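Data block below; observations after.
Note that the structure is a prediction, hence the values are computed from the model and not measured. Counting begins at 1 with the first residue of the sequence. Side-chain atoms are counted along with the backbone in the values below, which use heavy atoms only and exclude waters and symmetry mates.
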Amino acid sequence: MNAFRFAGDMSHLVSVLVLLLKIYATKSCSGISLKTQELYALVFLTRYLDLFIYVVSVYNTLMKIVFIASSLAIVWCMRSHPLVRRTYDKDQDTFRHYTLIGGSLLLALFFHGKFTIREVLWAFSIFLEAVAILPQLILLQRSRNVDNLTSQYVLFLGAYRAFYILNWIYRFVTEDHYSAWISWIAGVVQTALYADFFYYYFISWKNNAKLQLPA
């Protein structure tokens with residue numbers, strides 16, 4: 001644990017809390033991609049298979065439980081909540097996310113630490129997380145006008161991965177024989193996907209205007 005990883009974890013946690021606030025306070029999931037949320041739920045379920053087997057710390061275990069439970073709660077709300085599900089824009093959220101699942105699984109079968117079910121699924125979760133935001137970003141581009149809570153959700157989600165890159169750099173410098181090339185490559189790809197969003201978010205903040213993304 002170091003300051004960069006802690007900042008990344010907190011940014012990730014805040015992004016989830018912002019999204020839950022939007023859904024439960026407004027009873028609306030407008031502008032939120034169900035497909036991205038389903039991908040994140042799959043990411044956490046496959047990454048944290050060791051939840052009750054290998055305990056690193058109370059903090060680590062609690063964070064795993066929070067991310068699994070919150071991702072499943074969000075998916076449930078968007079699919080089954082009588083009020084929230086009516087606001088889901090299915091016609092705009094049309095990205096074929098199954099291709100991301102298939103591609104990530106294929107990569108995991110070839111690139112992994114050890115050829116075991118747990119290690120392959122861990123690599124799968126890393127590759128899938130790198131691209132899971134794509135349906136959300138495309139939905140935002142289609143809807144053009146983005147409300148504040150949705151933009152903050154994406155902002156904190158992007159900040160989480162950026163802080164993790166700093167964490168990896170710090171560990172590479174300070175720890176002997178530290179290597180996590182699968183996470184490094186996937187993390188750089190994931191952060192790069194946010195670059196366009198960060199740019200337009202900064203422009204909107206600078207001009208004190210509502211965030212608008214190009215079509």
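Shortest non-hydrogen contact noted between Gly31 and Leu140 is O-CD2, 3.7 Å. Nearest heavy-atom pair across Ala162 and Thr191 is N-OG1, 4.2 Å.
A single hydrophobic cluster is seen to contain both Ile32 and Tyr24, as judged by linkage of ILVMFWY side chains at heavy-atom distances under 4.5 Å, directly or through other members. Cluster annotation: Leu19 and Phe44 are assigned to the same hydrophobic cluster (Ile/Leu/Val/Met/Phe/Trp/Tyr, side-chain heavy-atom contacts under 4.5 Å, transitive). Criterion: ILVMFWY side-chain heavy atoms under 4.5 Å apart, direct or through other members. Under it, Phe6 and Ile65 are part of a common hydrophobic cluster. The cluster map of Ile, Leu, Val, Met, Phe, Trp and Tyr, joined by side-chain heavy atoms under 4.5 Å apart, puts Tyr98 and Leu42 in the same cluster. Both Tyr199 and Phe156 are assigned to one and the same hydrophobic cluster, defined by single-linkage of ILVMFWY side chains at heavy-atom distances under 4.5 Å.
No donor-acceptor pair closer than 3.5 Å links the side chain of Gln190 to the backbone N or O of Leu128. For Asn167 (side chain) and Phe163 (main-chain N/O), no donor-acceptor pair under 3.5 Å exists by modelled atom type. In terms of modelled atom types and a separation under 3.5 Å, the side chain of Thr36 and the main chain of Ala132 share a donor-acceptor contact. Ser204 contributes a side-chain N or O that, together with a main-chain N or O of Tyr201, makes up a donor-acceptor pair within less than 3.5 Å. Side-chain atoms of Lys35 come within 3.5 Å of backbone atoms of Phe95 as a donor-acceptor pair (strictly under, hydrogens ignored).
A distance of 12.0 Å separates OG of Ser143 from CD1 of Ile138, quoted to the nearest 0.5 Å. Between the CG atom in Leu157 and the CZ atom in Phe197 there is a gap of 9.5 Å [rounded to 0.5 Å]. With rounding to the nearest 0.5 Å, the separation of CG in Asn148 from CG in Leu155 is 11.5 Å. Here CG of Leu105 is found 12.5 Å from CG of Leu100. Values are rounded to the nearest 0.5 Å. Rounded to the nearest 0.5 angstrom, Leu149 CG and Leu20 CG are separated by 11.5 Å. Separating the CG atom in Leu39 from the CD1 atom in Ile101 is a distance of 5.5 Å, to the nearest 0.5 Å.
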Can I get a per-line list of side-chain donor-acceptor pairs under 3.5 Å for residues 106-127, giving both atom names and the distance, sequence neighbours left out?
{"residue": "His112", "atom": "ND1", "partner": "Ala108", "partner atom": "O", "Å": "2.8"}
{"residue": "His112", "atom": "ND1", "partner": "Leu109", "partner atom": "O", "Å": "3.4"}
{"residue": "Thr116", "atom": "OG1", "partner": "Glu119", "partner atom": "N", "Å": "3.2"}
{"residue": "Ser125", "atom": "OG", "partner": "Arg47", "partner atom": "NE", "Å": "3.0"}
{"residue": "Ser125", "atom": "OG", "partner": "Trp122", "partner atom": "O", "Å": "2.6"}

Could you go through residues 70-87 and list every donor-acceptor pair under 3.5 Å that involves a side-chain atom there, pairing it with any protein atom two or more places apart or in another chain?
{"residue": "Ser70", "atom": "OG", "partner": "Val66", "partner atom": "O", "Å": "2.7"}
{"residue": "Ser70", "atom": "OG", "partner": "Phe67", "partner atom": "O", "Å": "3.3"}
{"residue": "Ser71", "atom": "OG", "partner": "Phe67", "partner atom": "O", "Å": "3.0"}
{"residue": "Ser71", "atom": "OG", "partner": "Ile68", "partner atom": "O", "Å": "2.9"}
{"residue": "Arg79", "atom": "NE", "partner": "Glu38", "partner atom": "OE2", "Å": "2.7"}
{"residue": "Arg79", "atom": "NH2", "partner": "Glu38", "partner atom": "OE2", "Å": "2.6"}
{"residue": "His81", "atom": "ND1", "partner": "Leu83", "partner atom": "N", "Å": "3.1"}
{"residue": "His81", "atom": "ND1", "partner": "Val84", "partner atom": "N", "Å": "3.3"}
{"residue": "Arg86", "atom": "NE", "partner": "Pro82", "partner atom": "O", "Å": "3.0"}
{"residue": "Thr87", "atom": "OG1", "partner": "Cys29", "partner atom": "N", "Å": "2.8"}
{"residue": "Thr87", "atom": "OG1", "partner": "Val84", "partner atom": "O", "Å": "2.6"}

For residues 7-17, dump all side-chain donor-acceptor pairs below 3.5 Å to protein atoms at least two apart in sequence or in another chain.
{"residue": "Asp9", "atom": "OD1", "partner": "Tyr164", "partner atom": "OH", "Å": "2.6"}
{"residue": "Asp9", "atom": "OD2", "partner": "Tyr59", "partner atom": "OH", "Å": "2.7"}
{"residue": "Ser11", "atom": "OG", "partner": "Ala7", "partner atom": "O", "Å": "2.9"}
{"residue": "Ser15", "atom": "OG", "partner": "His12", "partner atom": "O", "Å": "2.6"}

Only pairs under 3.5 Å count here: list side-chain donor-acceptor contacts from residues 175-188, not counting sequence neighbours, and write none if there are none.
{"residue": "Glu175", "atom": "OE1", "partner": "Arg171", "partner atom": "NE", "Å": "3.4"}
{"residue": "Glu175", "atom": "OE1", "partner": "Arg171", "partner atom": "NH2", "Å": "3.3"}
{"residue": "Glu175", "atom": "OE2", "partner": "Arg171", "partner atom": "NE", "Å": "2.9"}

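Looking at Tyr40 and Glu129, their side chains come closer than 4.5 Å, going by heavy atoms from C-beta outward. Contact annotation: the side chain of Ile133 approaches that of Gln136 to within less than 4.5 Å [non-hydrogen atoms, C-beta and beyond]. Leu34 is not listed as a side-chain neighbour of Lys90, based on a closest heavy-atom distance of 4.5 Å or more.
Qualifying side chain to side chain donor-acceptor pair (under 3.5 Å) partners for Tyr200, counting only residues two or more places apart in sequence or in other chains: none. Not counting sequence neighbours, Asp89 has no partner by the salt bridge (Lys or Arg N to Asp or Glu O under 4.0 Å) test.
Phe198 CZ: more than 12 foreign heavy atoms inside a 6.0 Å radius.
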Give the intermediate values and the outcome of salt bridge (Lys or Arg N to Asp or Glu O under 4.0 Å) for residues Asp147 and Lys22.
CA-CA 10 Å; Asp147 66 73; Lys22 172 184 170 65; 3.0 Å; yes
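At a threshold of 4.0 Å, the pair Asp50-Lys64 counts as salt-bridged, since one of the basic side-chain nitrogens sits closer than that to a carboxylate oxygen.
In this pair, Trp205 and Phe202 present their aromatic rings tilted. The plane angle is within the 30 to 60° band.
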